[in-house]
2 protein chains.
Amino acid sequence: MRAPQTVPEAGLPGRVTIYEVGPRDGLQNEKTVVPVAVKAEFVRRLVAAGLPVVEATSFVRPGWVPQLADAAELADEIADLIHDGRVPLPVLVPNERGLERALDKGLRHVAIFGSATETFARRNLNRGLDEQFAMFEPTVARAREAGVDVRAYVSMCFGDPWEGDVPIDRVVDVGKRLFDLGASQLSLGDTIGVGTPGHVTALLRAFADAGLPVDRLAVHFHDTYGQALANAYAALRAGVTTFDASAGGLGGCPYAESATGNLATEDLVWMLHGLGVESGVDLETLVSTSNWMAGRLGRPSPSRVVAALARGSDK
Amino acid sequence: MRAPQTVPEAGLPGRVTIYEVGPRDGLQNEKTVVPVAVKAEFVRRLVAAGLPVVEATSFVRPGWVPQLADAAELADEIADLIHDGRVPLPVLVPNERGLERALDKGLRHVAIFGSATETFARRNLNRGLDEQFAMFEPTVARAREAGVDVRAYVSMCFGDPWEGDVPIDRVVDVGKRLFDLGASQLSLGDTIGVGTPGHVTALLRAFADAGLPVDRLAVHFHDTYGQALANAYAALRAGVTTFDASAGGLGGCPYAESATGNLATEDLVWMLHGLGVESGVDLETLVSTSNWMAGRLGRPSPSRVVAALARGSDK
């Protein structure tokens with residue numbers, strides 16, 4: 001299988017963590033209903049490919065995200081992986097009710113979904129920007145009391161479809177308040193994919209300047225405008241060591257109306273391996289997993305690496 | 001129309017030149033035969049969108065690249081633009097015969113197509129790596145004698161499908177010999193799209209270390225493995241100010257067997273404008289041009305920006 005020539009760059013970390021979001025963020029945007037057994041196999045294959053963290057599902061109210069209404073059944077299907085505990089399998093929890101359902105299944109890592117903008121907070125959380133913290137507080141407190149790790153997503157960090165530009169100092173303020181609540185890690189999301197590398201660098205520098213821990217920041221880029229990998233490279237240079245990505249670019253077909261354009265894990269791995277940055281991911285196993293999943297969904301993967309390697313030759 | 005928030009980055013140039021290759025490198029890989037009048041309109045629209053250089057066609061022997069067999073007719077169709085001279089309209093010339101045909105049409109900018117690898121030189125030029133320079137010599141000499149500017153493409157700079165890895169010092173040596181012949185600019189091509197940003201940085205540094213002029217280097221990235229824009233960002237940081245790109249990603253549908261995956265001009269412009277680097281390109285006019293051309297070719301543009309803006313909303 002073709003691979004990039006490794007030409008390391010000075011100043012980069014030797015290893016980074018890819019936080020795989022395909023089973024949750026990827027599938028939640030897919031219209032094809034995926035059977036729970038297929039989802040379980042997807043998670044197992046991702047773990048087998050070497051992904052060090054796999055976000056498995058979301059314990060939202062089942063009516064909200066029909067694709068993920070089977071969260072409890074999926075947890076039962078992968079109970080062995082959950083209890084083994086070697087690979088964290090975080091789940092999204094919108095509130096204490098969702099958290100309790102996750103704890104019942106023995107899950108030890110959860111994520112909450114915050115917003116950097118007023119409009120998106122109101123639309124997605126039915127709360128104002130400032131009110132979201134009070135809403136998250138009991139969930140985070142209960143999780144920490146149970147010894148469970150809490151990641152906080154911050155959506156719309158680089159632009160908002162209703163508000164336009166999003167001030168960097170507002171994103172830092174939201175992030176600080178989520179750290180203060182007890183989040184162990186923030187995932188800074190470019191939910192609509194408009195960000196560019198200088199914006200990434202400036203946002204990360206602003207977090208550092210505010211005394212916040214860059215080693216507890218993750219980045220979550222969408223490829224809606226083709227910027228995701230360039231932005232990931234800028235974040236890597238700025239000291240970030242955790243990168244969200246979706247196997248096969250799942251949830252992100254650029255030609256679909258519902259496109260969210262998740263950064264494809266394979267395209268990220270290709271870049272990291274070329275840069276000599278270890279990810280622990282076996283690209284061949286991952287590509288084969290994404291091709292298998294693409295077959296289940298009945299459409300080709302939007303990952304460029306998956307498409308190129310599936311062609312088998314670039315001569 | 002949505003646009004990126006401009007967040008400039010220190011150390012970048014204030015302005016760069018996009019060298020548009022859509023009418024030549026884009027179309028030459030398309031199977032749909034495009035009428036010469038459509039090609040002429042394509043060139044005119046690209047010029048109207050603010051592209052400062054538009055490579056128009058190739059004066060190869062007509063049987064070699066059927067799509068570009070109408071090079072002389074196209075030159076007649078755009079004779080007013082050629083004679084106006086404000087926007088350079090380079091054409092590829094494989095040899096002196098091609099050059100004479102271009103000179104007959106009043107063209108003042110030509111390009112030759114060299115190789116950084118033995119195998120590709122033999123396959124594409126029917127010459128060995130060392131022999132290609134002797135082959136180019138009379139063409140370059142005649143062009144310069146006529147006061148015509150010569151760009152030299154260097155293909156397979158980051159990897160070769162037959163040879164695998166390509167040593168950086170070999171690429172620099174080939175580049176030096178092309179400069180010595182009289183090329184005014186080199187376009188360093190990642191023909192199969194395998195390169196990654198550290199490789200780009202290292203290659204450009206090697207050119208600088210050899211005393212060669214980085215301001216006379218252009219980069220030509222393909223998105224076969226999704227790396228093109230990250231590589232362009234690395235090149236921008238390394239001091240490159242000329243970037244080859246293809247409107248709408250023409251010639252580069254990632255789902256087609258024939259994919260070459262040219263970097264889409266729109267995706268590059270989005271990044272540059274976000275970085276506060278001027279390109280002179282009006283993105284809206286360019287997107288409308290690419291959508292028009294996609295209609296002529298009967299398939300959607302592979303550019304992420306074109307696809308996202310065509311959807312009209314990312315809410």
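Chain letters run A, B, ... following the sequence lines, proteins first, then strands; residues in each count from 1. Bear in mind that the values here come from a model prediction, so they are computed numbers and not experimental data.
Between Ala308(A) and Thr224(B) the shortest heavy-atom distance is CB-O, 3.5 Å. Contact between Gly198(A) and Leu275(B) at its shortest, heavy atoms only, is N-CD2, 3.2 Å.
Contacts between Phe158(A) and chain B at a heavy-atom distance below 4.5 Å involve the backbone alone (N, CA, C, O). Neither the backbone nor the side chain of Arg123(B) comes within less than 4.5 Å of any heavy atom in chain A. Looking at Val306(A), neither its backbone nor its side chain comes within 4.5 Å of chain B, counting heavy atoms on both sides. The parts of Ala234(A) that come within reach of chain B are both its backbone and its side chain, each placing non-hydrogen atoms under 4.5 angstrom from that chain. With a 4.5 Å cut-off on non-hydrogen atoms, Asp160(A) touches chain B through its backbone but not through its side chain.
Heavy-atom neighbours of Asp209(A) CG from other residues, nucleotides or ligands within 6.0 Å: above the threshold of 12. Within 6.0 Å of CZ in Arg170(A) there are more than 12 heavy atoms belonging to other residues, nucleotides or ligands. Applying the 6.0 Å contact sphere to CD of Glu284(B) captures no more than 12 heavy atoms from other residues, nucleotides or ligands.
For the pair Asp223(B) and Arg304(A), the minimum side-chain heavy-atom distance is below 4.5 Å.
A side-chain donor-acceptor contact under 3.5 Å links Gln227(A) to the backbone of Asp267(B). Put simply, the side chain of Trp270(A) never gets that close to the backbone of Gly195(B): no donor and acceptor are under 3.5 Å apart.
Comparing Asp165(B), Val305(B), Leu272(B) by heavy-atom pairs within less than 4.5 Å of chain A, the highest count is held by Asp165(B). For the set Gly159(B), Gly274(B), Gly276(B), the count of heavy-atom pairs under 4.5 angstrom toward chain A peaks at Gly274(B). In terms of heavy-atom pairs under 4.5 angstrom with chain B, the leader among Pro197(A), Gly193(A), Ala3(A), Pro4(A) is Pro197(A). When each of Ile168(B), Leu12(B), Thr201(B), Val166(B) is scored by its heavy-atom pairs under 4.5 Å with chain A, the top score falls to Val166(B).
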One pair to check against side-chain contact (heavy atoms from CB on, under 4.5 Å): Glu9(B) and His199(A). What are the steps and the verdict?
CA-CA 8 Å; Glu9(B) 181 175 315; His199(A) 196 166; over 6 Å; no

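In this structure, CZ on Arg2(A) lies 5.0 Å from OH on Tyr225(B), to the nearest 0.5 angstrom.
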